[in-house]
Amino acid sequence: MTPPAVMWFRRDLRLADNRALTRALARAAGVICVCMLEDAAGAWAKESASRAWRAASLKALDSDLRERGNGLVGLRGTAPEALADLAKQSGARLVCCTRDWTPAAMAEEEAVREALAAVGTELFVAEGSLLVTPDSIATHSGEPFRVFTPYYRAWEYEWHVEEPLPALEEIPAPAAVPTFEPSTPDSSAPDIATHWSPGERGSQESLTSFVNEALADYDQNHDFPAVRGTSRLSPALAFGELSPRQIAVTVVDMYVAAGAAAPYLRQLAWREFAHHVLYHAPSLPDRPWRAEYEVMPWCDDEGALAAWREGMTGFPFVDAGMRELRETGWMHNRTRLVTGSFLAKDLLVPWQDGERWFWERLVDAELAVNAFNWQWLAGSGADAAPYFRIFNPMLQGRRFDPDGSYVRRWVPELAQMPARWIHSPWEAPAEELSKAGVVLGKTYPRPLIDHFEARDRALAAYEHVKESRSGGA
DNA sequence: CTTAGTTTGGG
DNA sequence: CCAAACTAA
C-alpha cells in the first residue's frame, strides 16, 4: 500500500484552485487533511473576530471534505511537532501547504521543513496566496518598491490570466476521519453567521453576486459605506477561501473589453503591495517604516482610545464605522480611512493601538494589510497619506454619506436627526436636537475634541518629525 | 483627495 | 461678485 500524503491547511481554506492539495492528490492515493487547531503563526489574540471566522470556515471545509470522502483532522500543539508526529505515524512522505508570505508563517514553514526532514518527509510549499510573489518584482535598480504606482505597473505586467484549478470531485482518505471539532469561538466575537457566510461555497457565492451586482458600478459606488458597492471579499481572501487568481480571473472574464475591472484589480494590487512591503521590511507591524517617525510625539491617551474603540467619539461618521466593526467584524473602506485618520491624527494615539484593535476585531485581518494600512494612514508608511491630509470627519460624512443613512444604521441614537445636522449634531439648533430626541452628552456624546484644534496639534507634531529628519541624525 | 490661499472665468 | 479650479504645504 502506498503511503498517504498530508495536506496542511493554513490560510488556503478551499478545495478549488489549491495547488498544494492538487499536488498531494497527484502524489498519493490518499490524503490526510489537517489543520492546526490553534494557529500559532496567525497569532490571534484570545478574543478575536478572525478566530470566529476561522472556526466557521474550518467547519465548512470539513463538511466540504466529507462530501468528497474525506474530512478535516484538527492537530494540537505546534505545527512542526504535530506534523512530524503525523508523518511518523501515517508513514506519509509528503506534506503539502500553501505559502504564506508573512514573517511568522515563513519561519513556521522552515521549522516544519526541518522537523519533517528529520523523519524523512518532504514539505512541498505551493504558491497561491498572491498573484505576484513579493520577491518576484523589483525596481530597475533591483530595490523593493516604495511607491505604489510603479509597483502597480510592474504587478500588472507580471500577473497572467491563467485558469484556476478546478474543484476536486473526490479526495480519498487513507483511513476513517474522526469528527472534526474546531476550538470554540470567543463569546465577545461578532455573530459571524448573521452577517456573513464563511467557507468556500459562501465565498464563491459572494464573488458571483459581487461581479453580477456591484462590479459594473464599483468605481462610482465603492466609497459610499451605505451602499453595497465593495466586494466584501476581504475575509475570503484573508483565509484563502478564494484565491486571488479565482477573483481576478472572474473579474476579468466579466469585463474582457471594458475597463471596469481595472479599479477593482487595483485594490487587489494594494493587498499585494502590502505583502511586498512587509516581506522586505518584516518590522512593519511594530516599527515605523520611515525611521524619522520614531520621534513622533504620540499621546498615550487611554480614554481617547477607549472612546474610539467603543464608537463614542461624538463624531457620527467615525462612531458609525467603529460600531459597524464591533457588530459585524468588518468596516467599510471609507470609514477605515476616516476612523484611522481620526485615531492617529486627531487623537495622536499611536497607530499601533489602532492596528491592534483592528487585528482583534476584523474578520478579514491580514498582518501585512493591517500593518501597511495603519502606517499608510499615520504617514510613516510606504507611499503614505501626506501628513497634512487629515480627514475632516464632518466633511467626509457629508460627502460619502450625504443622507446620513450609514450613520442612522450604526448609531441609532441619531436616527431621527435631519441629514443636514447628522454629521455634526453639536452644530444643530436646540429644537432640532430635541425633536430628534438627542441630548448631547447624554443620549449621544459631545465631540471628544475640536477637530480643527486637533488638526493644528497634529500638524505641529508632524512638523517635529520633519525637523528631526532635516536637523537630526 | 485637507486646507487655505490664489487665480480664473462666467455672469 | 462668487464659485470652481488650481496650487503649496
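Just so it is clear, the model here is predicted, and its values are computed rather than measured. Below, chains carry the letters A, B, ... as their sequence lines are ordered, and counting in each starts from 1.
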Got a list of side-chain donor-acceptor pairs under 3.5 Å for residues 425-441 of chain A, not counting sequence neighbours?
{"unit_1": "A/E427", "atom_1": "OE1", "unit_2": "A/S424", "atom_2": "OG", "d": "2.8"}
{"unit_1": "A/S434", "atom_1": "OG", "unit_2": "A/E431", "atom_2": "O", "d": "3.2"}

Could I get the full list of side-chain hydrogen bond (donor to acceptor under 3.5 Å, both in side chains) partners for A/W101, not counting sequence neighbours?
A/E127
Atom-to-atom span, CZ of A/R399 to C1' of B/dT2 - whole angstrom
9 Å
So, A/Q352 and A/W298: side-chain donor and acceptor under 3.5 Å apart, yes or no?
no
Over all strands shown, is A/F400 touching base, sugar-phosphate only, or nothing at heavy-atom distances under 4.0 angstrom?
sugar-phosphate
Can you name the residues that form a salt bridge (charged side-chain N to carboxylate O under 4.0 Å, His left out) with A/E310, not counting sequence neighbours?
A/R326
Measure the distance from CZ on A/R457 to P on B/dT2 and round it to the nearest whole Å.
19 Å
Measuring only between side-chain heavy atoms, which start at C-beta, is A/Y406 closer than 4.5 Å to A/F400?
no
Describe the nucleic acid contact of A/L459 in one word from base, sugar-phosphate, nothing, applying a heavy-atom distance below 4.0 Å.
nothing
Separation of B/dT2 atom P from A/F391 atom CZ, nearest Å, is 4 Å
In residues 336-349 of chain A, which ones come under 4.0 Å of DNA chain B, going by heavy atoms?
none
Roughly how many Å is it from CZ in A/F452 to C1' in B/dT3, rounded to a whole number?
9 Å
Taking CG from A/L395 and C1' from B/dT3, how many angstroms apart are they, rounded to a whole number?
10 Å
Is there any protein nitrogen or oxygen under 3.5 Å from a nitrogen or oxygen in nucleotides 6-9 of chain C, and what are the pairs?
none

Assign A/D223 to base, sugar-phosphate, or nothing according to its heavy-atom contacts below 4.0 angstrom with the strands shown.
sugar-phosphate
Under the salt bridge (charged side-chain N to carboxylate O under 4.0 Å, His left out) test, residues paired with A/E200 that sit two or more places apart
none
My understanding is that only residues two or more places apart in sequence, or in another chain, count here; which of them pass salt bridge (charged side-chain N to carboxylate O under 4.0 Å, His left out) with A/R399?
none
Mind checking salt bridge (charged side-chain N to carboxylate O under 4.0 Å, His left out) for A/E205 and listing every partner two or more places apart, or none if nothing turns up?
none
Under the side chain to side chain contact (heavy atoms under 4.5 Å, CB included) rule, collect the residues that match up with A/A274, sequence neighbours excluded.
A/A368, A/V369, A/F372
